[in-house]
Amino acid sequence: MRVRLYHEALRLWLQSLQQIGFGLIVLFPMALPALVFIPLLSLGVAANPATTALVYLNTLWGYLLLLYSWMTLQREGINGSRYQLYLQSLPTPPLLKAASDAGLLIYGANFFILGPLVLLSVVLFQQSARLSAAGSMQLWLELVPLAGMLLLAICYSLLALRRKTPWLSLLLFPFLAFSWATEFSKPQWLLLWGAVLLVEYWLPAFSLKLGHWPQGLYRLLLRADIDSPSAESLRLVALLLLIALTRVCVAAVNADFAPYLLNVISFLTGLLLASSLFSTQALRAHYQLYLATLPQNATKQAVQSLCYVLAKTSFGVLLIVASGIFGMTQWALWLLFYLATLLGIWLKPKLFLVFPCAVVMGLVVLRAVD
Amino acid sequence: MLVFEHICHHYDNAVIFRNLSFAIDAPRVLITGANGSGKTTLLLLAAGLLKPLAGHVHFQQQDVLLPQAKRRIGISANKVELPVFMTVQELLQFQALQFAGADQAGTSAASGKSVTTDWVAEFGLTPFMRTKVGDLSLGNSKKLSLIMALQHQPQLLLLDEPSNGLDDHSRTVLTHVLTSYPGQVIVASHEPLSAGELPMLHLPLSSLIAQNTGANETA
């Protein structure tokens, strides 16, 4: 029954993703296979003893962010939230319930857990003789990064099914750890990561309390975001993922090619941060009748919601500034792409991509003329 | 006086109103009609929440689509979905702030607050001030919707099925509203409602539409 409910939720989710997916395929046909292969490449990086702590940390972070997003998107389906009251009414033995929970977790996480598990099992099986011999400590240590990846993947799969966002261990800690990546070895970083996870577990849950500020429509929009943070959380996770991937890629590619890669990242981050306007517009559309009862004209409400999106964007901008991935050129491009996307969503939501793409075309033509 | 002038409106292929014109001056009006006949749409048009495809709706000679007109009109209808993510208290404060500075008697920011408190207490919603709107029961949602329509003391009160889900006490309060509210009240309902000693003009929507072949009607 749980598997059928999960498949039903998955079917509905995939239907809603079809439109976005089509846009992605049209825009980035070459990037899609790369996205699929990211987890596969990450396994290779994690298993390779020659990988530096810097590359390992960023790869692990990207892997876990992808996994967390993947599991968060499937949360309702895996938990069977919609049918929870009915499921509770069934006389299911606790052991069977725990087994179905674990089975669905692995089924949902799929490659993210099975990948490192299979690879680790193969290595353990093939190297069993060497591992059991005396003086095999170094060999065991070389397996720690892969084993750590597996354990963390299981942890974050579980955390993604709960509503509490691991803001400290998955967002803040890895973001800051990048600056000191070379100070510790890979096993030491994993220990530190585990410790932060524990600290986070014991930290009391908190909720944002709004005082007297902001007021009016800003308060209504902010309250909506606080109440349903998943869209903004996913946007933040996607931004951090982009930052992590950029760091890994820039370190790996030829220095002459790096600016081109960063230009593409400025396009993607501009698109990502401006897409927040979609949520705000959707909220206004959902409550249009109520908002129409207020003695305020629609244009003023629209301008206020745009100001709210700009204020939200500043947080993303701060993160990019702190990561230090952009130079002046990329910031100028980012601003162009961001404003063009906002304009696109504002004027023609269904064709919004045309606007930033037109900017790209314009820049290419300008470059060719020069 | 609420005036509909040559109103045309339809949803997809279903025509709801074609060249509908009438004027209502009676203080208490009960609009009745079958399910899907357009009662709620009529109220939404009267409140300026829907823009008709043709024609105009005026209240006290002011176009109801204008933002200023919203200060004169209050509406309670299930179709007007309230923000489910806010608490009752937050939403009432938000609403009071939006209507603060109204030029009507008893609708300043301060008096608006006291008016709110009165209706909240009258309808027995005080224990639910910290409850999220989305977590309210059907009856309490209806009470909140009524309070929000009444909060700014509008001159025109539009109530769509106001007694749906209400308990006996709240029905008594609703009758009190219909009896003693100083402004004009237009109700769309299946149930017979009493306005005490005030005469309630019964207006079947079907006959209103049938009589309207372009000529204006004055009720």
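Bear in mind that the values here come from a model prediction, so they are computed numbers and not experimental data.
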Full working for side-chain contact (heavy atoms from CB on, under 4.5 Å) between Thr269(A) and Leu242(A): CA-CA 8 Å; Thr269(A) 49; Leu242(A) 270 173; 3.9 Å; yes

Stepwise ring-ring contact (aromatic ring centres under 6.0 Å, His included) check, His6(B) with Phe4(B): CA-CA 7 Å; His6(B) 309 293; Phe4(B) 274 55; over 10 Å; no

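Two rings, from Tyr218(A) and Tyr308(A), have their centers 6.0 Å or more apart.
Classified by interplanar angle (parallel below 30°, tilted 30° to 60°, perpendicular above 60°), the ring pair Phe123(B)/Trp119(B) is tilted.
Among the candidates Met148(B), Glu90(B), Lys79(B), the residue making the largest number of heavy-atom pairs closer than 4.5 Å to chain A is Glu90(B). Looking only at heavy-atom pairs under 4.5 Å with chain B, the residue among Leu289(A), Leu291(A), Asn297(A) that has the most is Leu289(A). Contacts with chain A were tallied for Val80(B), Leu91(B), Leu50(B); Val80(B) has the most, counting heavy-atom pairs under 4.5 Å.
Crowding of Gln84(A) atom CD: a count of heavy atoms from other residues, nucleotides or ligands under 6.0 Å exceeding 12.
Of the possible donor and acceptor atoms, none in the side chain of Glu161(B) sits under 3.5 Å from a partner among the backbone N and O of Ala77(B).
For the residue pair Arg72(B) and Gln62(B), a side-chain donor N or O sits within less than 3.5 Å of a side-chain acceptor on the partner.
Residues of residues 274-287 of chain A that come within less than 4.5 angstrom of chain B, heavy atom to heavy atom, are Leu283(A), His286(A), Tyr287(A) in numerical order.
Side-chain contact between Lys300(A) and Pro67(B) is absent, with no heavy-atom pair separated by less than 4.5 Å.
The part of Ile75(B) that comes within reach of chain A is its side chain, from C-beta onward, which places non-hydrogen atoms under 4.5 angstrom from that chain. With a threshold of 4.5 angstrom between heavy atoms, Gln98(B) approaches chain A through its backbone and through its side chain.
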